[in-house]
Amino acid sequence: MIKPSIPKGTRDFSPEIVRRRNYIFQTIRTVFESYGFQPLETPAMENLDTLTGKYGEEGDKLMFRILDNGDILGKAKQAKDSKELSNLICEKALRYDLTIPFARYVVMHQNEIAFPFKRYQIQPVWRADRPQKGRYREFYQCDADIVGSNSLINEIELLSIYDQVFSDLGVDGFELRVNNRKILGGLAELIGKPELLTDITISIDKLDKIGLDGVKKELEERGIDALSIETIERFLVIEGNSEEKLNQLQSLLGNSVTAQKGIGELQEVLFSGDVSYSVQPVFDQTLARGLNYYTGIIIEAKAPSAVKIGSIGGGGRYDDLTGLFGLPGISGVGISFGVDRIYDVLEELNLFPNVVQQSTRVLFLQMDKESRSFIFPLLQLLRKAKIAAEIYPDIAKFDKQMKYANKRNIPFVVIIGENERNEKCASVKNMQNGVQKKIAMDTLTEYLKNTFKML
RNA sequence: GUGGCUGUAGCUCAGUUGGUUAGAGCAUCAGAUUGUGGUUCUGAGGGUCGUGGGUUCGAGCCCCAUUAGCCACCCCA
C-alpha cells in the first residue's frame, strides 16, 4: 500500500473551505461584472515559447514544463546541457500568470475584440517555486484588466473596484496605496542612473520588511554611490498627506519631465472627485512593486494592519504588453486579488457569513421501507422550492442517522415512521434547539418554507 | 539555488543518562440505548517509531547516509 500524498505546494480544499473560497470568488466576480468586465478563460497550458522570456530569468526557472509524449530519447541525445534538453523535449508549459496569456489572447483575437477591452479572469496558475508559508505551487489569480485605453478613468474605476470588493467582504481597515513608476523613473534620472531603475525599485520594495537602513545597505551592495543613496533617502522620508507629499516631490523631482507626468497622473486619479470611496486611496512614494513591466500607476491593497498579512492585491499600468506578440501601442492597466491571503484575513477577522456554510437544510431519516414512498414526493417539493433536502440512503440505526445530520450541520430532520404515518403527519426536529413538532404531512413544505423565510 | 528545524497510530503530540510487551488526547467502530444527535460512561481495533546502514549485550532515543515535510533567504502572489 502506498501512503497517499499530494505534490508539495498543492492543497486539497475540503467542502467547507471550497464554500468559503467560492464566497470570495463570487463577491469579486459580481463586482467585476457590475463594472462591465467580461469573463475570459485560457488553457492551463500554453506553448512554451509564449511564456519563456516574459518573466525574467527567474521566471523561466520557476515554470512547470510539460514533457512531450512519444519518443523523446532521440531528441534528448542532441542536448548539450539541461536547459537545452528541456527546450528539446518540452513544447508546452503550465501558465505562470494570467497576464501573459491574456496578452496572447488579445493579439490572437484583435480583430474580434471591441476596444477598450475589459476582461476578468479567475483561474489557477502554477509555479515551481519552493513553497513556504502562504505560498504555493498551485494557486488562483483573480485579475481584471483594461487594454486599449490610456484614460485615467480606468485607474479610478479599478481603485473603486478594490474599495467595493473589500467593503462587500466586510474588511474594515484595509488600505489602498498608489504610486507611479514615472515618479520612480524620475528619481533614477535625478541621480543620473536611469538604467538602475529596476535595482532601485527592488530595493525600495523591501522597505516595509528591512527598514530604511536595510534598503540603504542593499542599494550600496547594488553599486549605488553614497550621494545617490542620500538622494533616495530624502525621497523615501517625505511625509504628510497625499497632497503634501506630491507637492514636496514636485520640488524634489522638478527637473524630471517623467516624474512631473507621474505626479500629474496621480493628482488626477486621487483628486478628481469622480468617485467616493469608503476608504480613500493614499499616495505612498515608497510603494515600488517588483514587477518591472509596470510603466504608470502602481496600486497595492493592504490588509488591515491588525492581521499582519500585508498585501492582499496589487496592480498597475503597463504600456505595450502586447508588443511582445506583435501588436504594439496598446496600453493596459489591471489589478489582481490575492485570494489565499484574503481568505486568511476573513478567517482571522471572523468575517465569513454563516450562510456560506449551509448546504442541506433538511434531512429525511429513513425509518423503514414504507417511509420511502412518503419521503420522495416531499423531497421534490422542497427542492423545487430551492430548499436543499436529502434522504438518508440506508435504513440505519436511528442514532447513526441523527449523528450524520449533526455532523453535516443540517438544521432540520424530518421523521416519518409508522406513528407519523398513522396520523398523516411528519415529525420535524430543529437540530439547533432540539424542539420537535408534528406537522400535517400536506402542509410540511409550506411549514418549512416559512420557517426558513424567518431565519 | 542557499541555510535551519522536524519525521512515533487516520490527526495532534508524549516517550527519562540507551533498558521488559512504545503511550495519551482527538477521530473511528461497538456497547450502555430496538424512535432521538451535538454533552457522558465502558470497551475495541489501529504502529516496519520515514528509509538504509553503523555503535551496543540491548536503539524510538546515539552516529552516518538518504528521503519527505515545514520554516527562512533569493524572488514573488
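Since we're looking at a predicted model, the values are computed, not measured. Below, chains carry the letters A, B, ... as their sequence lines are ordered, and counting in each starts from 1.
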Could you give the distance separating B:C61 and B:U48 at their P atoms, to the nearest angstrom?
16 Å
With the side chain of A:Gln132 defined as its heavy atoms from C-beta on, choose the nearest nucleotide among B:C71, B:G37, B:G35.
B:C71
If you pin A:Ile416 and A:Ile202 to their nearest nucleotides in RNA chain B, which one's is more 5'?
A:Ile416
Under a 3.5 Å distance rule, please check whether A:Asp97 uses its side chain to pair with a backbone N or O of A:Thr99 as donor and acceptor.
yes
Between A:Lys206 and B:C75, is there a contact of a side-chain N or O with OP1 or OP2 at under 4.0 Å?
yes
Side chain A:Ser242, main chain A:Phe283, donor-acceptor under 3.5 Å:
yes
Of the listed B:G35, B:A77, B:G38, the closest approach to the A:Gln436 side chain comes from B:G35
When rounded to whole Å, the CG to P distance for the pair A:Asp399 and B:U40 reads 15 Å
Are A:Tyr140 and A:Phe25 an aromatic pair by the rule of ring centers under 6.0 Å?
yes
Euclidean distance, atom CZ of residue A:Phe364 to atom C1' of B:U36 [Å, nearest integer]
17 Å
Do A:Gln432 side-chain and B:G38 base share a donor-acceptor contact under 3.5 Å?
no
With both distances kept under 3.5 Å, what pairs with B:G1, Watson-Crick or G-U wobble?
B:C73
Atom-to-atom span, CG of A:Leu363 to P of B:G38 - whole angstrom
15 Å
Say we look at B:G69 and B:G25: how far apart would their P atoms be, to the nearest angstrom?
31 Å
B:G31 phosphate, OP1 or OP2, under 4.0 Å from A:Lys397 side-chain N/O:
yes
Rounded to the Å, how far apart are A:Lys54 NZ and B:C76 C1'?
19 Å
Write down the distance between CG (A:Leu62) and P (B:C75), rounded to a whole number of angstrom.
12 Å
By nearest atom, which of the nucleotides B:A77, B:G35, B:G37 is closest to the A:Met431 side chain?
B:G37
Ring center gap for A:Tyr96 and A:Phe64 short of 6.0 angstrom:
no
Residue met sooner reading RNA chain B from 5', once A:Gly417 and A:Glu58 are mapped to nucleotides:
A:Gly417
Partner nucleotide, any strand, of B:G43 [Watson-Crick/G-U, under 3.5 Å]
B:C29
Taken to the nearest whole Å, CZ/A:Arg137 to P/B:A68 is 11 Å
Keeping the roles fixed (side chain from A:Tyr162, backbone from A:Gly314), state whether a donor-acceptor pair exists under 3.5 Å.
yes
Taking any strand in view, what nucleotide pairs with B:A14 in a Watson-Crick or G-U wobble way, both distances under 3.5 Å?
none
Pick the C1' atom in B:C29 and in B:U21, then give their distance to the nearest Å.
25 Å
Side chains of A:Thr50 and A:Arg104: do they bring a donor and an acceptor to under 3.5 Å?
no
Whole Å only: how far is the CD1 atom of A:Ile395 from the P atom of B:U34?
18 Å
Nearest-Å distance, OH (A:Tyr293) to C1' (B:A77)?
11 Å
If the C1' atom of B:U28 is compared with that of B:C70, how far apart are they to the nearest Å?
28 Å
If you check the A:Arg130 side chain, which of B:G38, B:C75, B:G3 turns out closest?
B:G3
The side chain of A:Lys407 lies closest to which of these nucleotides: B:C75, B:A27, B:G35?
B:A27
Over all strands shown, is A:Gly434 touching base, sugar-phosphate only, or nothing at heavy-atom distances under 4.0 angstrom?
base
